[in-house]
Structures are given as C-alpha cells and as structure tokens.
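Note that this is a predicted model, so its numbers are computed, not measured.
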Amino acid sequence: MSVPVGQRGYRIGEVAERLGVSTRTIRYYEELGLLGGAVERSKGAQRLYVEADVARLQRLIELRQLLGLTLEDLCALAEADEARSDLREQWDDDPTDAERQRIVSEAIPLVERQLELVRARQRRIAEFADELEEKLRSLHDRRAELGDS
C-alpha cells in the first residue's frame with residue numbers, strides 16, 4: 001500500500017507499541033471494518049498506517065475503554081461517526097440551503113444514536129455504583145453492629 005507523499009507510514013508493530021495494544025487487536029479492528037484499507041493490500045503485503053489511521057484507532061480504543069462498549073456498539077458508534085464525517089464534507093462543499101437542511105436532518109438521528117449508546121452505558125455504570133453503595137452501607141452497618149472493633 002502506498003503512503004501519500006509527505007506522510008510517514010507506520011508498520012503495524014509501531015502502531016501497536018505507540019498505542020499500547022497488540023497487533024492482533026489492530027488486525028481485528030480492521031476485520032470489523034473499523035479501520036479502512038484492510039482489503040486494499042495484497043495477501044502477505046504489509047500495510048502501512050498513516051497518522052490519520054493511528055488517530056482513528058486511538059480514538060476507537062479510547063471510546064471502547066472509556067465507555068466500556070461492546071465491539072458491536074463500538075462499530076455502531078464508528079459507523080455513525082463516519083456518516084457524520086461524510087455529512088461534514090458535504091456541508092463544506094458550500095451546499096444550498098435546501099441541501100444544508102437535508103444534511104442537518106440526516107445528522108440528527110446519527111447523533112441521537114451515539115448519545116443513546118453513551119446514555120445506556122451511563123445507566124449501567126450508575127446501577128453498578130448504586131449496588132456498590134448499598135454493599136458499602138451494609139458493611140458499615142455490620143461493623144457498627146459488631147461495635148466498631
């Protein structure tokens with residue numbers, strides 16, 4: 001795979017080391033379609049990643065860790081993000097007001113879907129925090145019953 005002129009290409013091992021993940025993780029993200037270019041290289045050819053690939057992968061990893069997303073949810077979030085990116089490009093092409101209205105109308109459900117994924121994760125975290133608070137109260141009550149010894 002050729003790297004655009006003026007950009008440095010990174011081998012998979014370099015990217016893995018830089019981001020603190022395994023090369024298998026990167027390959028798996030490619031298989032899921034989360035990173036483009038997996039189908040562009042011939043069998044046995046080494047893929048070179050550009051800075052945009054590294055930044056996208058880093059964002060995906062951070063989102064997965066921060067939100068504790070399943071790979072399915074991560075794919076849904078990434079697909080919505082990609083669709084929004086396409087809409088941003090359309091917006092930057094100086095569309096008519098009618099086209100801008102369409103772009104905004106198409107962007108709203110994408111952001112709503114992403115927000116729902118985040119809110120669902122927040123609810124699960126809040127439920128877990130409630131469980132831990134209840135356990136902690138119970139332990140404090142037991143310690144008090146035993147005389148704070």
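- A distance of 7.0 Å separates CG in Leu77 from CG in Leu67, rounded to the nearest 0.5 Å.
- Between Asp130 and Glu133, the closest side-chain pair of non-hydrogen atoms falls below 4.5 Å.
- Under a cut-off of 6.0 angstrom, the local environment of CZ in Arg102 is crowded, with over 12 non-hydrogen atoms contributed by other residues, nucleotides or ligands.
- Residues Ile125 and Leu66 do not share a hydrophobic cluster, defined by chaining ILVMFWY side chains whose heavy atoms lie under 4.5 Å apart.
- To the nearest 0.5 Å, atoms CD (Gln90) and OG (Ser85) are separated by 10.0 Å.
- Cluster annotation: Leu117 and Val111 are assigned to distinct hydrophobic clusters (Ile/Leu/Val/Met/Phe/Trp/Tyr, side-chain heavy-atom contacts under 4.5 Å, transitive).
- Residues that satisfy the side-chain hydrogen bond (donor to acceptor under 3.5 Å, both in side chains) test with Gln58, not counting sequence neighbours, are absent from this structure.
- The closest side-chain heavy-atom distance from Ile26 to Val15 is below 4.5 Å.
- Of all heavy-atom pairs spanning Pro109 and Glu106, the tightest one is CD-O, 3.4 Å.
- Contact detail for Arg64 and Leu69: the closest heavy-atom pair is NE-O, 3.0 Å.
- Contacts of Glu51 classified as side-chain hydrogen bond (donor to acceptor under 3.5 Å, both in side chains), with partners at least two apart in sequence or in another chain: Tyr10, Arg18.
- Linking ILVMFWY residues whenever their side-chain heavy atoms come closer than 4.5 Å, directly or via other members, leaves Leu146 and Leu136 in distinct clusters.
- The nearest pair of heavy atoms linking Leu19 to Ile61 is CD1-CD1, 4.3 Å.
- Arg119 CZ: 12 or fewer foreign heavy atoms inside a 6.0 Å radius.
- A heavy-atom distance below 4.5 Å is found between the side chains of Asp53 and Arg47.
- For the pair Leu71/Tyr29, a side-chain contact is recorded, criterion being any heavy-atom separation below 4.5 Å from C-beta on.
- Atom CD of Glu82 and atom SG of Cys75 lie 12.5 Å apart (nearest 0.5 Å).
- At a threshold of 4.0 Å, the pair Arg84-Glu79 does not count as salt-bridged, since none of the basic side-chain nitrogens sits closer than that to a carboxylate oxygen.
- Residues Arg137 and Glu134 come closest through the heavy atom pair NH2-OE1, 3.0 Å.
- With no hydrogens or angles considered, a side-chain donor-acceptor pair links Thr23 and Arg27 at under 3.5 Å.
- The neighbour count for Glu72 CD, taken as heavy atoms of other residues, nucleotides or ligands under 6.0 Å away, does not exceed 12.
- Between Arg56 and Ala78, the shortest heavy-atom distance links the atoms NH2-CB, 3.8 Å.
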- prompt: What's the verdict on side chain to side chain contact (heavy atoms under 4.5 Å, CB included) for Leu115 and Glu112, showing C-alpha distance, side-chain angles and the deciding distance?
  reply: CA-CA 5 Å; Leu115 186 57; Glu112 287 173 338; 5.7 Å; no

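- Using a 4.0 Å cut-off between charged nitrogen and carboxylate oxygen, Arg121 and Glu116 do not count as a salt-bridge pair.
- Of the inter-residue distances, the one linking Gln114 atom CD with Asp73 atom CG reads 12.0 Å to the nearest 0.5 angstrom.
- With a 4.5 Å cut-off between side-chain heavy atoms of Ile, Leu, Val, Met, Phe, Trp and Tyr, the cluster of Trp91 takes in Leu87, Ile103, Val104, Ile108, Leu110.
- What you find for Asp81 and Arg88 is that their closest heavy atoms are O-NH2, 4.3 Å.
- Residue Asp94 holds its CG atom at 6.0 Å from CZ of Arg100, rounded to the nearest 0.5 Å.
- With a 4.5 Å cut-off on side-chain heavy atoms, Ser22 and Thr25 count as touching.
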message: I'd like to know whether Arg8 forms a salt bridge (charged side-chain N to carboxylate O under 4.0 Å, His left out) with Glu14, so could you lay out the CA-CA distance, the side-chain angles of the two residues, the decisive distance to 0.1 Å, and finally the verdict.
response: CA-CA 12 Å; Arg8 177 170 187 251; Glu14 293 174 305; 3.0 Å; yes

